[in-house]
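Read the structure below first, then the notes.
Keep in mind that this is a model prediction, so the values were computed, not measured. Just so it is clear: chains get the letters A, B, ... in the order the sequence lines come, proteins before strands, and each one is counted from 1. Atom set for the values below is all heavy atoms of this structure, side chains included, hydrogens, waters and symmetry mates excluded.
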Amino acid sequence: MLDTNFDPKSVEASLYEAWESSGAFKPKADGAPFAIVIPPPNVTGSLHIGHALNNTLQDILARFERMRGKSVLWQPGMDHAGIATQIVVERQLAEQGNIGRRELGREEFLKRVWTWKEESGGAITRQLRRLGASCDWSRERFTMDEGLSRAVLKVFVQLYKEGLIYKDKRLVNWDPKLQTAVSDLEVENIEVKGKLWRIKYPLAEGGGEIIVATTRPETMLGDVAVAVHPNDERYQALIAKMVKLPLTDRLIPIISDEYADPEKGSGAVKITPAHDFNDFEVGKRHKLAPVEVIDREARMTGDIPERFRGLDRFKARDAILAELEQDGLLDGAEDIAHAVPHDEKTKMVILEPMLTEQWYVDAKKLAEPAIAAVESGKTKFTPENFANTYFHWMRNIQPWCVSRQLWWGHQIPAWYAPDGKVFVEENEQAAKAAAKAHYKKDTPLSRDEDVLDTWFSSALWAFSTMGWPDDTPEVKRFYPTSVLVTMYDIIFFWVARMMMMGLHFMKDVPFHNVLIHARVVDEKGAKMSKTKGNVVDPLVLIDEYGADALRLTLAMKAAPGKDVRMGRGVVEGYRNFGTKLWNAARFCQMNECVNWTAFDPKSPKHMINRWIVSELTETAATVTKELEAYRFNEAAGALYKFVWNVFCDWYIELIKPLLNGSDEAALAETRATAAWVLEQIIRLLHPFMPFITEELWSRLGEFGPQRARMLIVEAWPVLPEGLIDKKAAEEINWLIDLVSLTRSARAELNVPAGAKIPLLLIGGAKESCKRLERHQELIDRLARLDYSTIADTAPAGAVTFVHGEATVALPLEGVVDFRAEASRLAKEVKRLDGEIAKIDAKLGNAEFVRKAPDAVIEEQRERRADALAAKAKLEAALERLRAAA
RNA sequence: GGGCGGUUAGCUCAGCGGUAGAGCGCUUCGUUUACACCGAAGAUGUCGGGGGUUCGAUCCCCUCACCGCCCACCA
């Protein structure tokens with residue numbers, strides 16, 4: 001016998017172990033392929049609520065399709081997360097009092113990172129198991145493992161040889177703390193309060209000055225010009241004149257360029273090509289060589305006055321401003337708010353545009369087929385509007401800087417000869433051979449120190465995890481994958497780049513569908529953050545309420561395009577649903593509704609059983625349809641309602657008399673039907689709540705014949721045609737309405753609990769009489785109606801409640817607040833009057849009658865007739881009420 | 001500056017051409033053997049403002065206001 005509560009803690013781990021060891025997570029040999037590659041979590045990561053959402057949705061799809069008979073590959077793995085991991089290990093070294101990585105040396109440092117990875121990395125894979133994620137762990141991959149690294153090398157070399165990867169010296173976003181370049185996407189512009197200083201640049205000849213405005217005075221040492229707009233009348237006379245750059249001996253020209261905006265600042269802008277992206281372009285246009293004055297640690301450097309050299313950029317700013325002030329060259333300053341580029345990880349370091357040589361991928365070229373594939377619908381976004389986001393970015397894509405000055409990552413396969421010539425090959429031998437061929441002799445080579453952007457290897461994930469570049473059965477069978485489930489924040493970082501790489505190397509899209517889900521935020525809708533202290537830890541929730549409760553909560557709230565609000569209160573609510581289900585099963589078990597042998601859902605004769613089969617059939621169809629459309633909330637919602645509000649609230653109540661009755665045939669049929677419906681419920685719920693359903697599957701199996709298989713590999717309910725029984729549905733819904741109605745009447749009129757309510761049927765109620773007779777015992781039990789007063793007219797002093805054919809009449813003596821009741825009735829009459837007037841206006845509108853569809857018009861007529869009839873009855877009741885009063 | 005989304009019950013949100021809905025919360029009542037992690041009933045809405053299309057608009061179009069988010073710029 002089941003206990004009254006499900007205890008997730010006692011079964012989750014062993015159920016998971018049983019699934020995994022049974023091989024259920026592996027793709028089966030036959031069946032249509034269905035593949036999902038997991039968005040690889042960082043090896044440093046631990047499961048946060050966003051992962052929980054992301055992987056719950058993937059798992060629902062994986063389990064759903066598995067049950068539908070497909071051969072499901074859910075490919076798991078982890079990302080080496082270059083920057084994040086390097087930071088973690090460096091911090092750990094520091095904490096342990098070790099020397100820094102530079103002192104340690106590259107080789108030794110990398111050894112430490114691998115050790116760290118083996119010992120502490122990948123906690124998240126254990127946590128994903130706790131969530132119930134049915135990934136094929138036997139195929140787990142890591143972006144730095146041997147196979148994936150081989151894929152990376154091959155891709156890099158091929159792109160290089162195709163001219164799609166090249167080295168270039170240009171401005172990049174530089175992180176002075178980490179000492180590496182980062183891509184545009186990794187920059188976070190944060191609005192800060194700053195000052196806009198106005199600085200006088202004296203003309204070289206003839207006195208006078210030009211005022212430039214800047215937020216970054218320290219870069220003035222690298223100025224190569226002052227630009228004004230060609231049409232700016234204020235400065236026409238000054239174009240081509242020279243100014244003396246303050247604090248230096250340099251003379252720089254005043255140039256004319258449309259970049260200068262007369263509206264901004266003074267209309268004259270200083271041009272510092274080495275330290276500003278726009279200025280770099282202006283400098284190029286005017287063939288002005290950049291002057292570098294800030295070094296890679298963000299200190300002042302280069303051909304500048306000795307006193308500034310080596311100063312930190314912000315100290316230099318203060319010093320420069322002080323001197324300008326002293327020299328009378330500062331023309332005031334105003335406070336402004338402006339966006340300053342920060343590193344996206346810590347948001348503490350201000351990035352510096354830095355002139356460096358880096359490796360770039362020609363993204364523009366690769367983007368073309370990637371754009372076309374979404375345009376043609378080969379890859380579809382859900383929700384669709386994210387395709388716009390994708391298009392916008394792809395059509396304006398910039399060269400992708402893929403080199404990073406880090407150690408942890410895929411080292412770039414480029415070797416340099418002493419003369420600087422580069423040889424890009426998959427390994428050192430090949431590079432040496434290439435060099436030998438070029439120089440006609442052995443030449444010493446040194447390898448590029450840099451590593452690749454982490455997203456470079458992630459971009460290959462959809463095929464590298466399947467064994468590419470080898471020609472594996474998995475690649476043949478599972479590429480392209482079916483659906484990629486991810487959040488919108490990595491559309492650019494990952495989705496777009498997977499599209500580019502997939503199309504280039506596999507000649508096909510990496511996935512047919514991209515399901516973009518929303519963020520998880522706190523109950524108030526605020527972003528979760530450690531500093532705010534509003535972070536909800538999924539592992540704590542699993543401990544407290546079980547993985548199923550968390551999963552159902554996430555699924556119920558995963559409406560397309562909507563943030564998922566999470567608090568523990570909601571999870572508690574869905575945990576209650578598990579208890580409800582558990583107790584429904586318990587009830588079934590107590591009543592021996594556990595024999596599921598060869599039940600034909602078409603066989604039941606009893607209305608109630610036919611009705612529940614019908615309802616179940618509709619629910620199963622809805623759940624299937626909604627899951628196919630990735631509307632998890634709709635699918636889960638339909639099940640929730642069916643289980644709680646139909647199966648538990650009504651069906652179980654309605655069959656109690658049958659289960660306790662003396663009709664053996666009805667008893668047997670009801671037991672079988674209840675058992676069958678419960679079993680379908682358990683199957684349908686399994687993708688959402690795998691643990692409780694699997695547990696119920698086996699526990700309920702203790703009573704019947706042996707279960708052959710675990711629920712995880714059982715079939716999804718596909719119900720035959722003809723199970724929808726409209727007649728039964730109508731009759732049972734009538735019954736339910738009648739019971740609700742009398743309950744409502746009882747409450748409203750304060751009828752004492754023990755007292756019966758006389759039932760009165762007025763006019764044309766033959767069918768109702770029959771129904772009443774058929775369900776007399778039930779109605780008596782649930783509504784406590786007294787049939788002795790069945791009559792065809794209402795006695796004076798009764799209030800009638802009209803519902804379809806049945807009218808419930810209640811004696812008023814002693815139980816009714818007449819005035820309140822009269823006012824209620826009057827109000828209702830008024831409402832009906834309004835409705836009738838509205839319909840009359842409609843029906844009186846010639847155009848409506850002419851143009852509206854017949855069905856709509858007929859509906860309006862019917863509604864009018866109903867309203868009129870209802871009104872008449874209410875008025876009569878009101879009359880009697882007044883008389884009685 | 002460009003783009004996307006939102007504005008519906010006290011709260012959180014569905015609905016997206018033809019009777020305004022759910023969950024939670026609230027009020028009242030109940031609890032005879034699945035479940036108090038329970039059951040029943042009830043109350044609450046100028047569907048953000050203004051215009052338009054339509055026989056008919058919460059729904060489609062335009063516009064305004066406010067709130068999110070993304071991209072770009074920021075002298």
TODO: Could you summarise the pairing of RNA chain B as dot-bracket text, marking Watson-Crick and G-U pairs under 3.5 Å with ( ) or [ ] inside the strand and | across strands?
DONE: ((((((((.[[[[.)..(..]]]].(((((.......))))).....[[[[[..)....]]]]])))))))....
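- Two residues are said to be in side-chain contact when any heavy atoms from C-beta on lie closer than 4.5 Å; A/Thr219 and A/Asp276 fail this criterion.
- The side chain of A/Lys641 contributes no N or O atom lying less than 4.0 Å from OP1 or OP2 of B/G23.
- In this structure, A/Phe277 places its CZ atom 11 Å from P of B/C74, rounding to the nearest Å.
- Near RNA chain B, meaning a heavy atom under 4.0 Å away, the residues from residues 252-261 of chain A are A/Tyr259, A/Ala260, A/Asp261.
- Annotation: side chain to side chain donor-acceptor pair (under 3.5 Å) contacts of A/Asn396 (sequence neighbours excluded): none.
- Taking the P atom of each, B/A57 and B/G49 are spaced 15 Å apart, rounded to whole Å.
- For A/Ala496, the side chain to side chain contact (heavy atoms under 4.5 Å, CB included) partners two or more places apart in sequence, or in a different chain, are A/Tyr390, A/Trp393, A/Met394.
- Qualifying side chain to side chain contact (heavy atoms under 4.5 Å, CB included) partners for A/Phe848, counting only residues two or more places apart in sequence or in other chains: A/Lys842, A/Leu843, A/Asn845, A/Ala852, A/Val856, A/Ile857, A/Gln860.
- With sequence neighbours excluded, the residues that form a side chain to side chain donor-acceptor pair (under 3.5 Å) with A/Trp400 are A/Asp453.
- In terms of the ring-ring contact (aromatic ring centres under 6.0 Å, His included) criterion, residue partners of A/Phe647 (sequence neighbours excluded) are, by chain and number, A/Tyr651.
- OP1 and OP2 of B/U32 both lie 4.0 Å or more from every side-chain N or O belonging to A/Asn660.
- In this model, the phosphate group of B/C38 is approached by a side-chain N or O of A/Asn576 to a distance below 4.0 Å at OP1 or OP2.
- Among residues two or more places apart in sequence or in another chain, the ring-ring contact (aromatic ring centres under 6.0 Å, His included) test is passed with A/Phe493 by A/Trp455.
- Partners of A/Thr272 by side chain to side chain donor-acceptor pair (under 3.5 Å), not counting sequence neighbours, listed by chain and number: A/Asp223, A/Lys270.
- Annotation: side chain to side chain donor-acceptor pair (under 3.5 Å) contacts of A/Lys9 (sequence neighbours excluded): none.
- Looking at residues two or more places apart in sequence or on another chain, you find a ring-ring contact (aromatic ring centres under 6.0 Å, His included) between A/Phe6 and A/Trp582.
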Listed pairs, N/O of protein and of nucleotides 18-20 of chain B, under 3.5 Å:
from: B/U19; atom 1: OP1; to: A/Arg863; atom 2: NH2; distance (Å): 3.2
from: B/U19; atom 1: OP2; to: A/Arg863; atom 2: NH1; distance (Å): 3.0

